[in-house]
2 protein chains.
Amino acid sequence: MPIGLAVSTVIFALRPDSSRPDEPSILSIPLVRRTRDPFAGRWSLPGGVADDDESLADTAARKLYETTQLAPAYLEQLYAFGDVDRAWSGRVVSVVYWALVRSELADQAAEGENVRWFAADELPDLAFDHNRIVEYALWRLRNKMEYSRIAHAFLGETFTLAELRRVHEIVLQRTLDPANFRRQIESSATVVATDEVVSGGRHRPPRLYRYDTTIRLADNGPLGG
Amino acid sequence: MPIGLAVSTVIFALRPDSSRPDEPSILSIPLVRRTRDPFAGRWSLPGGVADDDESLADTAARKLYETTQLAPAYLEQLYAFGDVDRAWSGRVVSVVYWALVRSELADQAAEGENVRWFAADELPDLAFDHNRIVEYALWRLRNKMEYSRIAHAFLGETFTLAELRRVHEIVLQRTLDPANFRRQIESSATVVATDEVVSGGRHRPPRLYRYDTTIRLADNGPLGG
DNA sequence: CCAAAAGTGTTGAGGGTACACCCATGA
DNA sequence: TCATGGGTGTACCCTCAACACTTTTGG
């Protein structure tokens with residue numbers, strides 16, 4: 001019997017917590033409820049069998065769309081999980097991706113009986129080894145957030161530095177000095193100031209920034225460093 | 001037709017260059033000559049079809065042993081390559097690992113008509129997308145060498161700091177300040193001094209060091225951080 | 001004017017690099 | 001005693017964290 005090949009994706013977005021609607025958004029991931037054994041009724045990562053005439057990344061993006069009706073702003077391969085006993089019915093190797101989607105869009109994302117968003121840090125017991133996979137994806141996201149510039153993928157076309165900083169703070173779970181954060185971002189030169197500012201707040205209007213045009217959908221991997 | 005699943009390994013060792021036997025060792029990888037189409041006669045990474053009742057890492061280690069009669073001192077998953085057209089006969093997804101083996105052992109490693117060691121930076125045109133894979137593995141190795149402490153995997157049980165420094169220099173292709181290298185390693189606390197020194201050189205006998213006992217065969221991945 | 005967040009300036013600690021210098025050995 | 005690499009000390013630079021301070025808006 002040949003080894004089965006599956007593709008799953010850990011999808012991250014910042015969403016308001018439904019139980020605390022006035023609090024700031026929290027890091028969330030969508031899960032799908034399994035309808036079949038093994039683990040019927042349990043929540044699991046969106047995914048499925050790899051398609052014959054699609055690259056693995058394309059399959060991941062397609063599954064992501066089928067689950068959330070969203071397109072990823074960032075997509076990267078996480079790991080290939082291949083332990084012998086990880087699937088409970090035959091041997092299955094899962095190539096897992098992780099993705100970031102825009103938070104404003106994620107608000108409107110499909111949710112239903114069998115698709116629901118969960119706080120990334122408070123998941124129930126998932127099917128298979130999916131808890132371990134999410135933990136690893138979380139570790140990668142937080143790691144990458146510190147040395148890379150991917151936070152913009154959670155935001156829209158333009159954003160203030162305060163918004164960008166909030167993204168970092170939510171993901172990394174600690175407060176950041178606004179002054180130092182500003183200089184860090186500016187020196188990284190990954191972001192360019194626009195002419196516009198946001199008025200309406202009871203304070204000095206912040207400038208809007210835009211991400212540098214050379215954006216790659218899927219970073220890392222053997223392609224772009 | 002189901003998607004084929006293969007496991008390949010990029011194996012690194014430091015070996016003396018056969019054409020310049022008096023020069024220091026160079027970063028080398030063993031390749032196997034393909035005997036069948038596609039790419040019959042071309043050199044390629046050791047590997048093969050994934051085994052049903054073996055983890056992917058175990059398969060990688062086994063292929064490594066079958067090719068070189070060696071055991072890896074370090075083994076880590078590199079990437080799952082899954083582009084549609086990368087194999088020229090049907091769809092094949094390759095989970096690729098990279099490994100480090102001890103240099104003294106690699107000297108005696110099997111070499112024959114269909115297995116040969118090449119300088120990692122001067123490879124011929126390989127089968128499939130293996131050139132690109134090796135390039136990525138090289139990038140990962142050099143990257144990891146800078147922030148992690150894996151160089152010892154090229155060496156034996158005990159070693160001098162000069163030997164460890166040479167490993168870094170060969171892999172990173174630049175000279176390192178002995179004084180600063182020493183402090184860097186000592187402050188990282190991954191290495192412990194033994195009582196022994198090496199006499200015989202025309203200079204002050206260097207102390208031997210041993211790696212800290214808590215060694216993991218396969219680092220990274222979802223397991224150990 | 002006041003509150004609040006935007007944005008700037010300044011200082012000090014820590015890590016890395018360059019390099020001067022002493023130590024221990026074999027020939 | 002000299003050459004050679006082992007090993008130590010130190011000054012400088014650069015980055016980052018902390019925090020005081022000025023700016024610009026809405027109320």
Side-chain angles (χ1 to χ4, degrees), chain A residues 22-25 142-149 151-152 155-156 158-211, chain B residues 22-25 142-149 151-152 155-156 158-211:
Chain A
D22 292 342
E23 297 291 306
S25 297
R142 288 182 170 137
N143 231 35
K144 197 135 198 168
M145 188 78 83
E146 305 223 54
Y147 69 85
S148 184
R149 303 292 167 213
H152 70 104
L155 299 172
T158 59
F159 45 84
T160 67
L161 290 186
E163 288 170 337
L164 192 64
R165 178 166 50 85
R166 289 295 299 153
V167 171
H168 278 85
E169 289 179 340
I170 291 170
V171 172
L172 299 179
Q173 296 177 303
R174 61 192 165 92
T175 61
L176 299 171
D177 185 297
N180 296 331
F181 182 80
R182 160 179 302 277
R183 274 184 291 254
Q184 231 179 312
I185 296 295
E186 277 173 348
S187 73
S188 78
T190 49
V191 98
V192 287
T194 69
D195 298 346
E196 298 153 273
V197 294
V198 181
S199 57
R202 304 177 39 174
H203 51 77
R204 178 167 167 178
R207 184 169 296 279
L208 279 172
Y209 288 78
R210 163 176 287 112
Y211 225 71
Chain B
D22 291 344
E23 296 291 306
S25 295
R142 289 184 169 135
N143 231 35
K144 199 134 196 169
M145 189 77 84
E146 306 222 52
Y147 69 84
S148 183
R149 302 293 167 210
H152 70 104
L155 299 172
T158 59
F159 45 83
T160 67
L161 290 186
E163 288 169 338
L164 192 64
R165 177 167 49 86
R166 297 247 183 284
V167 171
H168 278 85
E169 289 180 339
I170 291 170
V171 172
L172 299 179
Q173 296 178 302
R174 62 190 165 94
T175 60
L176 299 172
D177 186 297
N180 296 331
F181 182 80
R182 160 180 303 277
R183 273 184 292 254
Q184 236 180 320
I185 295 296
E186 275 172 349
S187 74
S188 78
T190 49
V191 99
V192 288
T194 69
D195 298 345
E196 296 154 275
V197 294
V198 180
S199 57
R202 303 176 41 174
H203 52 77
R204 178 169 169 178
R207 185 170 295 278
L208 278 173
Y209 288 78
R210 161 176 289 112
Y211 226 71

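Chain letters run A, B, ... following the sequence lines, proteins first and then strands; every chain starts at 1.
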Exercise: identify the closest heavy-atom pair between B:V198 and B:P205
O-CB, 3.1 Å

Under the side chain to side chain donor-acceptor pair (under 3.5 Å) test, which residues partner A:T194, sequence neighbours left out?
none

Applying salt bridge (Lys or Arg N to Asp or Glu O under 4.0 Å), which residue pairs with at least one partner in residues 192-209 of chain A are found, sequence neighbours left out?
none

For DNA chain D, which residues of residues 158-181 of chain B approach it to below 4.0 angstrom with any heavy atom?
B:A162, B:R165, B:A179

5' to 3' contact window, DNA chain D with chain A (heavy-atom distance under 4.0 Å):
D:dA17 to D:dG26

Residue pairs passing the ring-ring contact (aromatic ring centres under 6.0 Å, His included) test where at least one lies in residues 176-197 of chain B, sequence neighbours excluded
B:H168-B:F181

Residues two or more places apart in sequence or in another chain: which of them pass salt bridge (Lys or Arg N to Asp or Glu O under 4.0 Å) with A:R149?
none

Between CG of A:L164 and OH of A:Y211, what distance do you get to the nearest 0.5 Å?
7.0 Å

Students should find this one: the first and last nucleotides of DNA chain C, 5' to 3', lying under 4.0 Å from a heavy atom of chain A. What are they?
C:dA3 to C:dT10

Could you note down all residue pairs passing salt bridge (Lys or Arg N to Asp or Glu O under 4.0 Å) where residues 160-176 of chain B supplies at least one of them, sequence neighbours left out?
B:E146-B:R174, B:R165-B:E169, B:R166-B:E169

Gap between atom CG of A:L161 and atom OH of A:Y209 - 0.5 Å precision:
4.5 Å

Any residue meeting side-chain contact (heavy atoms from CB on, under 4.5 Å) with A:N180, in chain and number order, not counting sequence neighbours
A:D177, A:R183

Across the strands shown, which category fits A:R183 at heavy-atom distances under 4.0 angstrom: base, sugar-phosphate, nothing?
base

Find out whether B:V197 and B:L208 are in side-chain contact, i.e. whether some heavy atom of one side chain is under 4.5 Å from a heavy atom of the other.
no

Can you list everything that forms a side chain to side chain donor-acceptor pair (under 3.5 Å) with B:Q173? Sequence neighbours excluded, please.
B:D121, B:R142

Which residue lies more 5' along DNA chain C, comparing A:R202 with A:E186 via nearest heavy atoms:
A:R202

Would you please name every residue forming a salt bridge (Lys or Arg N to Asp or Glu O under 4.0 Å) with A:E186, sequence neighbours left out?
A:R182

Mind listing the residues from residues 190-197 of chain A sitting with a heavy atom below 4.0 Å of DNA chain D? Number order is fine.
none

Does any non-hydrogen side-chain atom of A:L176 lie less than 4.5 Å from one of A:Q184?
no

